Enquirer: 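Before I ask anything, let me first share the structure, which is written out below as structure tokens.
We use all heavy atoms of the structure for the numbers below, so side chains are in, but hydrogens, waters and symmetry mates are not. Being a predicted model, the structure only gives us computed values, none of them experimental. Order of the sequence lines sets the chain letters (A, B, ...), proteins ahead of strands, with each chain counted from 1.
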Protein chains: 2
Amino acid sequence: MVKLFHFPLCPFSRRIRLAVGELDIEVELNEEQPWQLTPGVMKLNPAGVLPVLVEDDRSAVAGIEAISEYLEETRVPDGSGRSLLGQTPMERAEVRRLVAWFDVKFHREVSRQLLIEKVDRRFAASERGGGPPNMEALRASRNNIRQHLDMIGQLADTRRWLGGDYLSHADLAAAAHLSCVDYLGDVPWSTSATAKQWYVRVKSRPSFRPLLADQIRGMPPPRSYADLDF
Amino acid sequence: MVKLFHFPLCPFSRRIRLAVGELDIEVELNEEQPWQLTPGVMKLNPAGVLPVLVEDDRSAVAGIEAISEYLEETRVPDGSGRSLLGQTPMERAEVRRLVAWFDVKFHREVSRQLLIEKVDRRFAASERGGGPPNMEALRASRNNIRQHLDMIGQLADTRRWLGGDYLSHADLAAAAHLSCVDYLGDVPWSTSATAKQWYVRVKSRPSFRPLLADQIRGMPPPRSYADLDF
């Protein structure tokens, strides 16, 4: 069975967990701590980031773009209509534009800092950045998230899914980042009804169930996190 | 003719300029200032980042991953052997792993900060971050680059090109970032002879010539920048 090295509150790991769920691929999940990867995983991905996917023949695919494109190339038969990237080059360009929005811009402005301050600093040893959160960074991230919810709301208002007519990596990337922030209780859902409606639809999919069951030791999510009627 | 909105010292723009050169695609270059994009380009890519490619029919492709994959899908005939990503899914996974190394890790640890401190701060208005460079950030970037040169040297020691047997986006991404830093005179080439030899080979390609002719107003590169025997 394919192995996935991941961390429950890593948005990139979450996107691949959602993708394998949508594509009905069975995976064996192996949990890693992003602030101190095990030597075996560091060897598979010297960049030191999750997720890493390992095939039965032990060949490894490391990093979010490499894995998402690899799954598309190896697990989505041509013409099956199951693509998570889109059918035409221009549709795929739009999905990849939005994926970059979340993986680069949302990550830089919101999720990366929140996760570092609230999760990494809590569990990491002090020589690896452990310590109390920087309140200024938390405030900035909580402020920045509002424009992103607006943007999601605008897309959800005019399209069936964020990237177009079909569920795609654009939805999975957005939901992966937002669900990490939601686990921390930091998504102001009341600011965008359409963004919330879109999230309810993604959250209701079977692929999302394993993420709703995630529990970080000593850091339970708010009740609304796993609630489909939040 | 295809239009490319770019900035000469943007590593992502440079990778696409190299790719269109390698693929013999004629482009019309339109220069933008990343610290203050024109409203037309902001509309094409609301994330506010370069490059942006516009087809003759005015459809736009925005962002580095979207453009590099789009060029591969639309300009590289199947079986032509001209792919810049690799032939098999596993070869492409390796190329994309290395692209992420440069576009995420090298960018975060080296090129982003150097370019912000030395270029953006110099030209941007003060309300957009203009002002004197942060010397501490410059020192950190100049220190961080050494481990990346080592990594490139190790790959170049065991492979023909960074991603494997063929020139790929892995080489173009590495060369795009390094050439920006080289324009600023901040690559300590003497620390890795094999990294330097690999760079000489990339720098000698016809696709690289337009980059060597780049000139930023009031900020000429060191003589070695355009010299093939540096």
Enquirer: Can you pull out all donor-acceptor pairs below 3.5 Å that join chain B and chain A?
Expert:
| unit_1 | atom_1 | unit_2 | atom_2 | d |
| --- | --- | --- | --- | --- |
| Glu73(B) | OE1 | Arg92(A) | NE | 3.0 |
| Glu73(B) | OE1 | Arg92(A) | NH2 | 3.2 |
| Glu73(B) | OE2 | Arg92(A) | NE | 2.9 |
| Glu73(B) | OE2 | Arg96(A) | NH1 | 3.2 |
| Glu73(B) | OE2 | Arg96(A) | NH2 | 3.3 |
| Arg92(B) | NE | Glu73(A) | OE1 | 3.0 |
| Arg92(B) | NE | Glu73(A) | OE2 | 2.9 |
| Arg92(B) | NH2 | Glu73(A) | OE1 | 3.2 |
| Arg96(B) | NH1 | Glu73(A) | OE2 | 3.2 |
| Arg96(B) | NH2 | Glu73(A) | OE2 | 3.3 |

Enquirer: So which of Pro46(A), Ala93(A), Pro89(A) has the biggest tally of heavy-atom pairs under 4.5 Å with chain B?
Expert: Pro89(A)
Enquirer: Considering non-hydrogen atoms only, spot the tightest contact between Leu98(B) and Gly163(B) and give its length.
Expert: CD1-CA, 3.8 Å
Enquirer: Does any heavy atom of chain B fall under 4.5 Å from the side chain of Ala100(A), the backbone, both, or neither of them?
Expert: neither
Enquirer: Identify the two heavy atoms, one from Leu9(A) and one from Pro11(A), that lie closest to each other, and give their separation to 0.1 Å.
Expert: O-CD, 3.6 Å
Enquirer: How long is the gap from CG on Leu18(B) to CG on Leu211(B), to the nearest 0.5 Å?
Expert: 5.0 Å
Enquirer: Of all the heavy-atom pairs spanning Pro51(A) and Ile16(A), show the shortest one and how long it is.
Expert: CG-CG1, 3.7 Å
Enquirer: Which heavy-atom pair separates Leu85(A) from Val95(A) by the least distance, and what is that distance?
Expert: O-CG2, 3.3 Å
Enquirer: When rounded to the nearest 0.5 angstrom, what distance separates CG in Leu53(A) from CG in Leu71(A)?
Expert: 6.0 Å
Enquirer: Give me the atom names and distance for the closest heavy-atom approach of Val187(B) to Leu178(B).
Expert: CG2-O, 3.7 Å
